[in-house]
Amino acid sequence: MDNNKIINGSSAQIIELNPELRNIGYADGININGALNEEEKLEMIDKAAIKFGEFLDALGCDWKNDPNSMETPKRVAKAYVNDLWAGRYNAFPKITTFPNYEYDGIIFEGNIPIISMCSHHHQTILGKAHIAYIPKINQEIIGLSKLNRIVEHYARRGAIQENLTVRIHDAINKIVENNKGVAVMIEASHNCVQCRGVGHQGTSMKTSKLTGEFIKSNKTRNEFYEFIKS
């Protein structure tokens with residue numbers, strides 16, 4: 001893997017990875033000007049708050065005189081920049097990998113929380129991601145919690161679940177190059193279906209992206225789905 005460096009004299013490595021090559025500037029892509037520092041975030045929050053106030057004006061809301069809403073434009077702008085869309089404004093997390101001298105089976109982590117927002121209606125997406133990959137012997141493996149970091153990075157922005165599934169898959173596939181397979185499954189509920197429009201509660205959407213042995217081998221694919229059930 002390129003761009004690796006040894007930290008603290010140990011064999012653990014940090015990968016500085018920037019896979020943000022798709023949909024730059026889109027709601028599900030990184031910010032059009034890339035990651036922001038704290039000063040730039042504050043400037044964006046101020047600008048967005050002004051525009052959200054105008055949005056409320058257009059909706060006929062007297063928010064400036066409403067004690068419950070007079071700070072709402074700033075609250076909403078801060079929530080977008082610091083939480084809801086944080087993955088658009090923060091750099092891709094540094095991913096720690098470790099040597100692997102013996103293992104070539106499935107590495108699986110399930111039930112990773114998905115907290116996201118649909119790009120279409122800006123309604124909440126809540127669900128879980130299940131991730132697996134198969135390294136080769138003598139190939140670096142990803143620190144377990146870094147799988148959570150990858151999910152969090154791509155989920156915390158506008159999202160289309162199909163694209164989110166692919167983004168997570170491709171990031172892992174890039175980090176563990178020449179792996180034997182990567183599998184990602186997401187199951188999530190969408191408030192754009194449950195709280196507006198058709199208004200159907202209890203629905204969920206499932207998407208998956210499988211490559212390598214997870215496609216070629218029924219046994220491997222079934223093992224992945226059995227891990228999810230257990």
> So do the side chains of Lys74 and Asp46 get within less than 4.5 Å of each other, counting heavy atoms only?
Replying inline: yes
Which donor-acceptor pairs under 3.5 Å do the side chains of residues 156-169 make with protein atoms, sequence neighbours left out?
residue, atom, partner, partner atom, Å
Arg156, NE, Glu152, OE2, 2.9
Arg157, NH1, Glu20, OE1, 3.4
Arg157, NH1, Asp28, O, 3.2
Arg157, NH2, Glu20, OE2, 3.1
Arg157, NH2, Gly87, O, 2.6
Arg157, NH2, His153, NE2, 3.3
Gln161, OE1, His190, NE2, 2.7
Gln161, NE2, Ile186, O, 3.2
Gln161, NE2, Met205, O, 3.1
Gln161, NE2, Thr207, OG1, 3.0
Asn163, ND2, Asp28, OD2, 3.2
Thr165, OG1, Gln161, O, 2.8
Thr165, OG1, Thr207, OG1, 2.7
Arg167, NH1, Asp28, O, 2.9
Arg167, NH2, Arg22, O, 3.3
His169, NE2, Thr211, OG1, 2.8

>> Please give me the minimum heavy-atom distance between Tyr103 and Ile106, naming the atom from each residue.
In response: OH-O, 2.7 Å
> What closest approach, in Å, do Glu109 and Leu144 show between heavy atoms, and which atom pair accounts for it?
Replying inline: OE1-O, 3.3 Å
> Heavy-atom count around Tyr26 OH within 6.0 Å, excluding the residue itself: above 12?
Replying inline: no
>> With a 4.5 Å cut-off on side-chain heavy-atom distances among I, L, V, M, F, W and Y, is there a chain of contacts connecting Met185 to Val151?
In response: no
>> With a 4.5 Å cut-off on side-chain heavy atoms, are Ile115 and Asp83 touching?
In response: no
> Is the count of non-hydrogen atoms from other residues, nucleotides or ligands lying under 6.0 Å from Arg149 atom CZ greater than 12?
Replying inline: no
> Mind checking whether Ile95 and Ile172 sit in one hydrophobic cluster, side chains of I, L, V, M, F, W, Y counted as touching below 4.5 Å?
Replying inline: yes
> Is the backbone N or O of Gly199 less than 3.5 Å from a side-chain atom of Gln194, with the two atoms forming a donor-acceptor pair by type?
Replying inline: no
>> Test your reading of the model: is there a side-chain donor-acceptor pair from Ser116 to the backbone of Ala155, 3.5 Å cut-off?
In response: yes
> So do Ile30 and Phe92 actually touch side chain to side chain, heavy atoms under 4.5 Å?
Replying inline: no
> Should Thr220 and Glu213 be marked as a side-chain hydrogen bond (donor to acceptor under 3.5 Å, both in side chains) after you check the CA-CA gap, both sets of side-chain angles, and the distance that decides it?
Replying inline: CA-CA 6 Å; Thr220 303; Glu213 291 299 317; 4.7 Å; no
>> To the nearest 0.5 Å, what is the distance between NZ on Lys64 and OG1 on Thr72?
In response: 13.5 Å
> Where do Thr96 and Lys146 come nearest, in terms of heavy atoms and distance?
Replying inline: OG1-CE, 3.5 Å
>> So, taking the atom named CD1 in Ile125 and the one named CD in Gln123, what distance separates them when rounded to the nearest 0.5 Å?
In response: 10.0 Å
> If you round to the nearest 0.5 Å, how far is CD1 of Ile134 from OG of Ser217?
Replying inline: 8.0 Å
>> For the NZ atom of Lys216 and the CG atom of Leu210, what is their distance to the nearest 0.5 Å?
In response: 13.0 Å
>> Return the CD to CG distance between Glu140 and Asn138, rounded to the nearest 0.5 Å.
In response: 10.0 Å
> Shared ILVMFWY cluster between Leu84 and Val81, side chains joined below 4.5 angstrom?
Replying inline: yes
> Just by modelled atom types, is the Lys136 backbone N or O under 3.5 Å from a matching donor or acceptor in the Asn100 side chain?
Replying inline: yes
> Closest approach of Gly105 and Pro135, non-hydrogen atoms and distance?
Replying inline: O-CD, 3.4 Å
>> If you compare all heavy atoms of Ile142 against all heavy atoms of Tyr133, which two are closest, and at what distance to 0.1 Å?
In response: N-OH, 2.8 Å
>> Distance check, rounded to the nearest 0.5 Å: Met44 atom CE versus Asn82 atom CG?
In response: 11.0 Å
> Within the distance-only criterion (no hydrogens, no angle test), does the side chain of Asn179 pair as donor or acceptor with the backbone N or O of Val176 below 3.5 angstrom?
Replying inline: yes
>> Does Lys78 have more than 12 heavy atoms from other residues, nucleotides or ligands lying within 6.0 Å of its NZ?
In response: no
> Under the 3.5 angstrom rule, does the side chain of Asn37 hit a backbone N or O of Glu40 as a donor-acceptor pair?
Replying inline: yes
> Hey, does Ile150 have a side-chain heavy atom less than 4.5 Å from the side chain of Ile175?
Replying inline: yes
> Relative to the ring of Trp85, is the ring of Tyr80 parallel (under 30°), tilted (30 to 60°) or perpendicular (over 60°)?
Replying inline: perpendicular
Atom pairs and distances, side-chain donor-acceptor, residues 222-230, under 3.5 Å, sequence neighbours left out:
residue, atom, partner, partner atom, Å
Asn222, ND2, Asn218, O, 3.1
Glu226, OE2, Lys229, NZ, 3.4
Ser230, OG, Glu226, O, 3.4
Ser230, OG, Phe227, O, 2.9

>> Within the 4.5 Å heavy-atom criterion, are Leu56 and Trp63 side-chain neighbours or not?
In response: yes
> Are Phe52 and Leu59 grouped together when hydrophobic residues (ILVMFWY) are joined by side-chain heavy atoms under 4.5 angstrom apart?
Replying inline: yes
>> Within the structure provided, determine whether Lys128 and Pro113 are in side-chain contact (heavy-atom separation under 4.5 Å).
In response: no
> When you look at CD of Glu102, are more than 12 heavy atoms from neighbouring residues, nucleotides or ligands closer to it than 6.0 Å?
Replying inline: no
>> Using the rule that Ile, Leu, Val, Met, Phe, Trp and Tyr join whenever any side-chain heavy atoms are under 4.5 Å apart, tell me whether Phe108 and Val184 fall into a single cluster.
In response: no
> Which pairs, with at least one residue in residues 186-212 and sequence neighbours excluded, count as a salt bridge (charged side-chain N to carboxylate O under 4.0 Å, His left out)?
Replying inline: none
>> Using every non-hydrogen atom in the two residues, find where Thr203 and Ser189 come nearest and quote the distance to one decimal.
In response: O-CB, 3.6 Å
